[in-house]
Amino acid sequence: MNSLSKRHDVIVVGGGQAGLACGWHVKQRGLDFTILDEQDKPGGNWRHYYDSLTLFSPASYSSLPGMPFPGAPSAYPRRDEVVKYLEQYSKHFELPVQPNIRIVRVYRDSGGFRLLSENGTEFSSRAIVVATGAFSRPFIPNIAGLHNFEGTKIHSSSYRNVKPFLGQRVVVVGAANSALQIAYELAQVAKVTLATRESVRFFPQRILGVDFHSWLKWTGLERTRWLNDQSTPVLDDGTYRNALKSGLFAHTSMFERVTSSGVVWPGGAEDQIDGIIFATGFRPNLKPFEPLDILDSQQGVKQHQGVSTSNPGIFFVGLPKQRNFASATLRGVGPDSEQIMDSLHKYLNI
Ligand SMILES: Cc1cc2nc3c(=O)[nH]c(=O)nc-3n(C[C@H](O)[C@H](O)[C@H](O)COP(=O)(O)OP(=O)(O)OC[C@H]3O[C@@H](n4cnc5c(N)ncnc54)[C@H](O)[C@@H]3O)c2cc1C
């Protein structure tokens with residue numbers, strides 16, 4: 001028989017940066033809550049990203065509410081520093097993260113919601129915050145012949161470091177930060193081609209010595225919706241642009257199809273290659289919540305500024321462009337969590 005926990009005011013599903021930032025705000029408001037996460041430690045998916053990952057935002061723009069990111073404010077933190085920061089954050093604020101709980105189904109009951117976990121425990125709350133991450137379901141586009149390819153084909157989420165690719169011929173697919181970071185480091189030890197559907201748009205990481213994020217703040221651009229409509233630029237201190245210019249790795253339009261041992265480019269030329277790495281993005285993982293009518297026909301989440309527009313009592317943190325372009329980043333989840341607090345209170349009638 002399933003065991004049922006007591007009914008909380010709020011259950012936050014996901015204990016990554018979004019769930020932790022939200023937990024901080026919920027705790028400030030004195031609500032009764034818990035955070036459920038399928039992993040064995042808080043901090044979300046950062047520990048699964050590739051070894052050399054360096055943030056595109058400096059420490060001063062990578063903080064969650066209540067605790068500045070440690071170190072020099074202008075330094076760009078590495079993956080492991082983020083993992084450590086999030087673990088410390090959770091501990092310092094004594095956020096009630098319950099690890100190793102994977103929620104598989106959520107449904108309504110008369111007092112709110114029931115959340116069923118994989119191990120059979122049922123949780124119950126009046127409201128739920130979905131903070132399950134926008135980068136947990138790797139997306140690989142449909143490409144003719146891909147299933148026939150006998151070389152290595154991986155999504156960037158499975159890429160760790162250059163070791164498996166020493167001396168190989170590799171195509172990296174994608175035009176955003178991860179694709180460029182991976183192509184650049186692989187090109188030191190392998191023959192690399194970057195394949196993109198659109199042109200790569202570079203944006204200087206620092207302008208007149210000042211970080212891009214500070215400019216957005218000073219100019220007021222970050223408060224507009226203009227940025228939401230732009231494709232993601234590659235934030236660059238010159239390293240990637242110079243690497244492309246110098247031919248460290250090649251850059252071509254996206255290939256048209258894949259054979260058992262290579263790719264066929266527009267125009268028909270074929271290259272034999274050993275591997276393809278798809279840095280082609282992610283989709284949010286919302287499966288357990290789908291029965292609650294949260295998605296529209298285009299698979300977009302029916303929400304406005306983090307509040308469900310189809311199902312009262314459901315809130316979101318960490319969706320891409322949920323409120324603005326920073327919504328799915330370290331610095332965005334604090335303000336986005338704060339944004340939902342008034343609606344949450346109103347819903348709970350507290
Ligand atoms: C390669 C890469 C580079 C990035 N670089 C930056 C950067 O430089 N700066 C920046 O600010 N952001 C960056 N991001 C974006 C973002 O900050 C990270 O992806 C971050 O991990 C998102 O945090 P999150 O809490 O929203 O999601 P996650 O870190 O994915 O955490 C969600 C948590 O929910 C858990 N979960 C999911 N489903 C369930 C379920 N059903 N039941 C229980 N638990 C569940 C997951 O296991 C996970 O622990 C990057 C993302 C990627 C992929």
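For ligands, and for the atoms within them, numbers begin at 1 and follow the listed sequence. The structure presented is a predicted model; accordingly, all values stated were derived computationally and were not measured.
Annotation: atom 27 (O) of ligand 1 to nearest protein heavy atom, Gly133 CA, 3.2 Å. Protein heavy atom closest to atom 43 (C) of ligand 1, with residue, atom name and distance, is Ile101 O, 3.2 Å. For atom 34 (O) of ligand 1, the nearest protein heavy atom (residue, atom name, distance) is Gly14 CA, 3.3 Å. Of the protein's heavy atoms, Gln17 NE2, 3.5 Å lies nearest to atom 22 (C) of ligand 1. Among protein heavy atoms, the minimum distance from atom 31 (O) of ligand 1 is reached at Gly44 CA, 3.5 Å. Of the protein's non-hydrogen atoms, Ser178 OG, 3.4 Å is the one closest to atom 1 (C) of ligand 1. Looking only at protein heavy atoms, the nearest one to atom 15 (C) of ligand 1 is Ala328 O, 3.4 Å.
Assignment of Ser57 to the shell around ligand 1 is supported, since a heavy atom sits closer than 4.0 Å.
Residue-ligand proximity, Pro288 to ligand 1, at heavy-atom distances under 4.0 Å covers atoms 41 (N). Interface atoms of ligand 1 facing Phe282, defined by a heavy-atom separation under 4.0 Å, are 53 (C). In summary, the atoms of ligand 1 found under 4.0 Å from a heavy atom of Gln39, numbered by their order in the structure, are 46 (C), 47 (O), 48 (C), 49 (O). Interface atoms of ligand 1 facing Arg102, defined by a heavy-atom separation under 4.0 Å, are 42 (N), 43 (C).
Using a 4.0 Å cut-off between charged side-chain N and carboxylate O, Asp9 and Arg126 make a salt bridge. Ion pairing of Asp32 with Lys6 is present here, as a side-chain N (NZ or NE/NH1/NH2) and a carboxylate O approach within less than 4.0 Å. The pair Lys84-Glu81 does not count as a salt bridge, with every side-chain nitrogen at least 4.0 angstrom from each carboxylate oxygen. Ion pairing between a basic and an acidic side chain is recognised when a charged N comes within 4.0 Å of a carboxylate O; Glu87 and Arg47 show such pairing. The pair Lys302-Asp296 does not meet the salt-bridge criterion, since no charged nitrogen lies less than 4.0 angstrom from a carboxylate oxygen.
Contacts of Ala18 with ligand 1, taken as heavy-atom pairs under 4.0 Å, involve both backbone and side chain. At a heavy-atom cutoff of 4.0 Å, ligand 1 is contacted by no atom of Asn285, backbone or side chain. The proximity of Glu38 to ligand 1, defined as any non-hydrogen pair under 4.0 Å, involves the side chain as well as the backbone. For Phe56, heavy-atom contacts with ligand 1 shorter than 4.0 Å involve the backbone as well as the side chain. By the criterion of a heavy-atom distance under 4.0 Å, neither the backbone nor the side chain of Ser62 is placed next to ligand 1. Contacts with ligand 1 closer than 4.0 Å are made by backbone heavy atoms (N, CA, C, O) of Ala131 only, the side chain lying farther away.
Between Leu330 and ligand 1, a contact under 3.5 Å exists for at least one N or O pair. At under 3.5 Å, a nitrogen or oxygen of Asp37, whether backbone or side chain, sits near a nitrogen or oxygen of ligand 1. Checked against a 3.5 angstrom limit, the closest N/O atoms of Ile103 and ligand 1 fall inside it. Note: an N/O pair closer than 3.5 Å links Asn45 and ligand 1 by distance alone.
Within the set Thr132, Leu36, Asn177, the minimum heavy-atom distance to atom 37 (C) of ligand 1 is found for Thr132. Counting heavy atoms only, Trp46 comes closest to atom 12 (N) of ligand 1 of the residues Tyr159, Tyr61, Trp46. Of the listed residues (Tyr50, Tyr76, Tyr49), the one carrying the non-hydrogen atom nearest atom 51 (C) of ligand 1 is Tyr49.
Classification of the Tyr85-Tyr89 ring pair by plane angle, with boundaries at 30° and 60°, yields tilted.
From Phe113, atom CZ reaches atom OH of Tyr107 across 12.5 Å, with rounding to the nearest 0.5 Å. Atom CG of residue Leu116 and atom CZ of residue Arg102 lie 13.0 Å apart, to the nearest 0.5 angstrom. Rounding to the nearest 0.5 Å gives a distance of 10.5 Å between CZ of Phe255 and OG1 of Thr193.
Phe282 has its ring centre less than 6.0 Å from the ring centre of His155.
A heavy-atom distance below 4.5 Å is not found between the side chains of Tyr50 and Asn161. No side-chain heavy atom of Ser52 sits under 4.5 Å from any side-chain heavy atom of Arg79. In this structure the side chain of Trp265 reaches within 4.5 angstrom of the side chain of Asp271, judged on heavy atoms.
In terms of hydrophobic clustering, with Ile, Leu, Val, Met, Phe, Trp and Tyr side chains grouped at heavy-atom distances under 4.5 Å, Ile273 and Leu248 are assigned to different clusters.
Across Ser327 and Val333, no two heavy atoms sit closer than the pair O-CG1, 3.6 Å.
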